[in-house]
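What you see below is based on every heavy atom in this structure, not just the backbone, and it leaves out hydrogens, waters and symmetry mates. Both ligands and their constituent atoms are indexed starting at 1 by order of listing.
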Amino acid sequence: IAVFGIFLTFPQWIFGAIPGGFGDILELARQQGKRVKVVGGGHSPSDIACTDGFMIHMEKSPTLPVDKEKLQVKVEAGILLSELNLELDKHGMALENLGAVSEVTAAGVIGTGTHNTGIEHGILPTQVVALSLLVASGEVLECSAAVNAELFGAARLHLGALGVVLDVTFQSRARGFRLKVTFPSTLTQVLDELEEHLRNSRYFRFLWFPHTENVRVIYQDPTSQPPRSSSSWFWDYAVGYHLLEFLLWISTFFPGLVVWINRVFFRLLFSSRQESVGRSHRVLNYECRFRQHVQDWAIPIGKTREALLELKAALDGDPGIGAHFPVEIRFCRRDQIPLSPCFQRDSCYINVIMYRPYGREAPWGRHCCTRKDLEQMFPEFPKFCALREKLDPDGTFLNPYLEKVLF
Ligand SMILES: Cc1cc2nc3c(=O)[nH]c(=O)nc-3n(C[C@H](O)[C@H](O)[C@H](O)COP(=O)(O)OP(=O)(O)OC[C@H]3O[C@@H](n4cnc5c(N)ncnc54)[C@H](O)[C@@H]3O)c2cc1C
Ligand SMILES: O=C1O[C@H]([C@@H](O)CO)C(O)=C1O
């Protein structure tokens with residue numbers, strides 16, 4: 001938490017009652033030469049939301065109007081998706097897609113471009129149809145495809161760099177159930193059958209178990225079937241969480257154990273076909289277990305086979321590396337959001353994890369992308385930077401992370 005920061009936990013409506021609201025904070029920060037960051041659920045596995053200036057935290061915000069005709073809902077920026085899921089459920093609605101966890105906020109998920117999987121679906125920011133943004137000048141700008149369209153595009157994946165998102169309007173869908181089907185395969189087979197899997201399921205992803213050929217295929221599509229569960233506390237938690245954490249902790253002293261953990265746990269927990277039916281948001285969210293480092297890379301979908309076989313060869317070629325399972329492979333449809341990893345191309349996401357059993361540090365590298373790299377990866381990056389500089393010439397919303405990595 002910032003040393004000099006003011007940790008403001010008032011929901012926006014309190015600030016709305018104070019003349020100027022968040023605008024006063026910007027003014028105060030300006031007078032004290034401080035910068036301002038907004039934190040959502042604090043779930044980004046990086047320093048992107050950190051600051052030594054003022055930190056604004058909006059929470060427990062009520063939802064605003066639901067448009068049942070258009071199936072749209074306007075929410076305050078700080079609402080957790082876990083709260084929104086329940087609110088929408090009351091209205092017979094649900095978000096089209098969600099990341100692995102819902103303890104994240106409406107403005108946070110468009111801060112970093114949260115995604116799940118589904119080649120017919122984009123990343124979560126593509127579900128946003130409007131938002132309002134308090135910019136450094138103190139002005140509140142309404143943004144949508146029709147109003148301030150260029151800023152709307154940039155603000156749908158804003159990195160916390162454009163201002164304070166005050167509210168977000170999501171396009172949702174009718175609520176329903178999803179059938180989750182999981183079954184074993186091999187890396188070679190799933191890569192050979194990739195097109196077929198992408199046709200078989202609109203929400204297809206798979207988990208590869210490093211140092212093995214083993215893969216767990218997952219389909220999680222809407223269904224009219226009634227709810228049924230396949231979970232078992234013993235296998236999912238006693239073995240799949242607590243025993244795994246203990247064995248990974250042992251492996252921090254004996255790294256050669258990781259290969260065996262990947263093999264044995266695949267056999268124990270992931271080598272049979274399973275089916276279950278649950279509420280959409282419950283199936284899309286999943287158990288992420290204990291503390292971990294994560295890096296999620298997006299590549300052109302056509303490079304999926306090449307990238308994974310290269311990753312496998314690198315691991316097989318270096319017996320000193322013990323890579324934890326799973327490497328999670330997901331797919332998202334192209335979009336027109338300037339800083340989206342799916343900008344104008346269908347993408348494959350490769351999510352690499354390294355658990356930290358009982359908090360014990362694990363060997364982990366940070367991504368080393370610089371502005372130069374990002375200008376190559378994101379054609380619209382210079383335009384985003386120019387827009388950011390125009391809106392916030394004094395860098396009020398910057399922090400060391402954004403300056404090091406982006407600007
Ligand atoms: C267990 C776990 C599982 C995850 N699973 C997935 C997954 O499946 N897919 C995926 O893509 N990601 C996943 N993530 C990453 C997560 O979805 C993103 O990091 C997301 O941005 C976190 O949302 P948050 O509300 O916690 O935002 P924070 O981390 O608090 O902030 C994210 C960014 O948004 C900015 N911000 C937040 N609120 C505002 C606001 N009101 N105005 C302006 N800027 C704001 C912050 O300054 C920061 O730059 C996971 C993370 C964890 C910890
Ligand atoms: O950051 C992330 O964390 C989860 C998962 O790796 C947690 O175990 C996920 O899918 C992300 O993109």
Counting only heavy atoms closer than 4.0 Å, does ligand 2 sit against the backbone of [X], its side chain, both, or neither?
{"X": "E287", "result": "neither"}
{"X": "F290", "result": "neither"}
{"X": "Q292", "result": "side chain"}

Test log, rule side-chain hydrogen bond (donor to acceptor under 3.5 Å, both in side chains), inputs D373 and T370: CA-CA 5 Å; D373 304 315; T370 61; 2.9 Å; yes

Residue [X] vicinity, atoms of ligand 1 by number, heavy atom under 4.0 Å:
{"X": "A77", "result": "41 (N)"}
{"X": "G99", "result": "7 (C), 8 (O)"}
{"X": "G41", "result": "24 (P), 25 (O), 26 (O), 27 (O), 30 (O)"}

Protein contact to [atom] [nearest heavy atom, distance to 0.1 Å]:
{"atom": "atom 32 (C) of ligand 1", "result": "S44 OG, 3.3 Å"}
{"atom": "atom 37 (C) of ligand 1", "result": "G40 N, 3.6 Å"}
{"atom": "atom 22 (C) of ligand 1", "result": "V104 CG1, 3.6 Å"}
{"atom": "atom 17 (O) of ligand 1", "result": "T114 OG1, 2.9 Å"}
{"atom": "atom 42 (N) of ligand 1", "result": "V165 N, 2.8 Å"}
{"atom": "atom 38 (N) of ligand 1", "result": "A107 CB, 3.7 Å"}
{"atom": "atom 2 (C) of ligand 2", "result": "V294 CG1, 3.6 Å"}
{"atom": "atom 53 (C) of ligand 1", "result": "H43 O, 3.3 Å"}
{"atom": "atom 46 (C) of ligand 1", "result": "V38 O, 3.1 Å"}

Should [X] be counted as touching ligand 1, given the test is an N or O pair under 3.5 Å?
{"X": "M58", "value": "no"}
{"X": "V101", "value": "no"}
{"X": "C288", "value": "no"}
{"X": "T105", "value": "yes"}
{"X": "G42", "value": "yes"}
{"X": "G111", "value": "no"}
{"X": "A49", "value": "no"}

Any atom of ligand 1 sitting under 4.0 Å from a heavy atom of [X]?
{"X": "H158", "value": "yes"}
{"X": "N116", "value": "no"}
{"X": "G163", "value": "yes"}

For the pair [X] and [Y], name the ring-plane relationship: parallel under 30°, tilted 30 to 60°, perpendicular over 60°.
{"X": "H197", "Y": "F204", "result": "parallel"}
{"X": "F266", "Y": "F209", "result": "perpendicular"}
{"X": "Y241", "Y": "F290", "result": "perpendicular"}
{"X": "Y237", "Y": "W233", "result": "parallel"}
{"X": "F270", "Y": "F325", "result": "perpendicular"}

Short list, please: which atoms of ligand 2 are under 4.0 Å from a heavy atom of [X]?
{"X": "D296", "answer": "12 (O)"}
{"X": "E328", "answer": "9 (C), 10 (O)"}
{"X": "C288", "answer": "7 (C), 8 (O)"}

Give yes or no for whether the N/O distance cutoff of 3.5 Å, strictly under, is met between R330 and ligand 2.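 N/O-N/O distance under 3.5 Å: yes.
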
Would you check the N or O atoms of N351, main chain and side chain alike, for any that come under 3.5 Å of an N or O of ligand 2?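 Indeed, backbone or side chain, N351 has an N or O that close.
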
Salt bridge between [X] and [Y], side-chain N to carboxylate O under 4.0 Å?
{"X": "R289", "Y": "E245", "result": "no"}
{"X": "D192", "Y": "R305", "result": "yes"}
{"X": "K312", "Y": "E310", "result": "no"}
{"X": "D346", "Y": "R333", "result": "no"}

Would you indicate whether F246, at its atom CZ, is surrounded by more than 12 heavy atoms from other residues, nucleotides or ligands within a distance under 6.0 Å?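 Open: at most 12 neighbouring heavy atoms sit under 6.0 Å from CZ of F246.
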
Considering non-hydrogen atoms only, spot the tightest contact between L124 and N116 and give its length.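 Taking every non-hydrogen atom into account, CD1-N, 4.4 Å.
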
Do protein heavy atoms approach atom 14 (N) of ligand 1 to less than 4.0 Å?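 Flag for atom 14 (N) of ligand 1 set to false, no protein heavy atom closer than 4.0 Å.
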
Any idea which part of [X] is under 4.0 Å from ligand 1, heavy-atom wise: side chain, backbone, both or neither?
{"X": "N351", "value": "neither"}
{"X": "R330", "value": "side chain"}
{"X": "A100", "value": "both"}
{"X": "E103", "value": "neither"}

In sequence, state the C-alpha distance, the side-chain angles, and the governing distance for E328 and R205, and then conclude on salt bridge (Lys or Arg N to Asp or Glu O under 4.0 Å). CA-CA 7 Å; E328 185 186 11; R205 64 191 172 106; 2.8 Å; yes

Strictly distance-based, threshold 3.5 Å: is any side-chain N or O of Q292 a donor or acceptor partner for the main-chain N or O of V294?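 Between the backbone of V294 and the side chain of Q292 there is no qualifying donor-acceptor contact (under 3.5 Å).
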
Could you tell me whether the side chain of N262 and the main chain of P210 form a donor-acceptor pair under 3.5 Å?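 Yes: the side chain of N262 pairs with the backbone of P210.
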
Ligand 2 contact by H115, heavy-atom criterion under 4.0 angstrom: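 No, H115 has no heavy atom closer than 4.0 Å to ligand 2.
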
Looking only at non-hydrogen atoms, which of L124, I353, T112 approaches atom 21 (O) of ligand 1 most closely?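 Looking at heavy atoms only, T112 sits closest to atom 21 (O) of ligand 1.
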
From the candidates K37, Q292, H115, the one that places a heavy atom nearest atom 9 (N) of ligand 1: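 Heavy atom nearest to atom 9 (N) of ligand 1 belongs to H115.
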
List the steps and the verdict of salt bridge (Lys or Arg N to Asp or Glu O under 4.0 Å) for E196 and R199. CA-CA 5 Å; E196 196 183 325; R199 279 194 305 275; 5.3 Å; no

Strictly by modelled atom types, are R35 and T51 linked by a side-chain donor-acceptor pair under 3.5 Å?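 Short answer, no.
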
Measure the shortest side-chain to side-chain distance between I329 and L308 over non-hydrogen atoms and say whether it is less than 4.5 angstrom.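 In short, these two side chains touch, coming nearer than 4.5 Å.
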
For K383 and E150, what are the C-alpha separation, side-chain angles and deciding distance, and is it a salt bridge (Lys or Arg N to Asp or Glu O under 4.0 Å)? CA-CA 10 Å; K383 256 165 92 181; E150 191 199 359; 5.2 Å; no

Check against side-chain hydrogen bond (donor to acceptor under 3.5 Å, both in side chains), T126 and D335: CA-CA 7 Å; T126 59; D335 57 43; over 6 Å; no

Starting from the C-alpha separation in whole Å, work towards a yes-or-no answer on salt bridge (Lys or Arg N to Asp or Glu O under 4.0 Å) for R178 and D221. CA-CA 5 Å; R178 284 180 188 271; D221 294 87; 5.8 Å; no

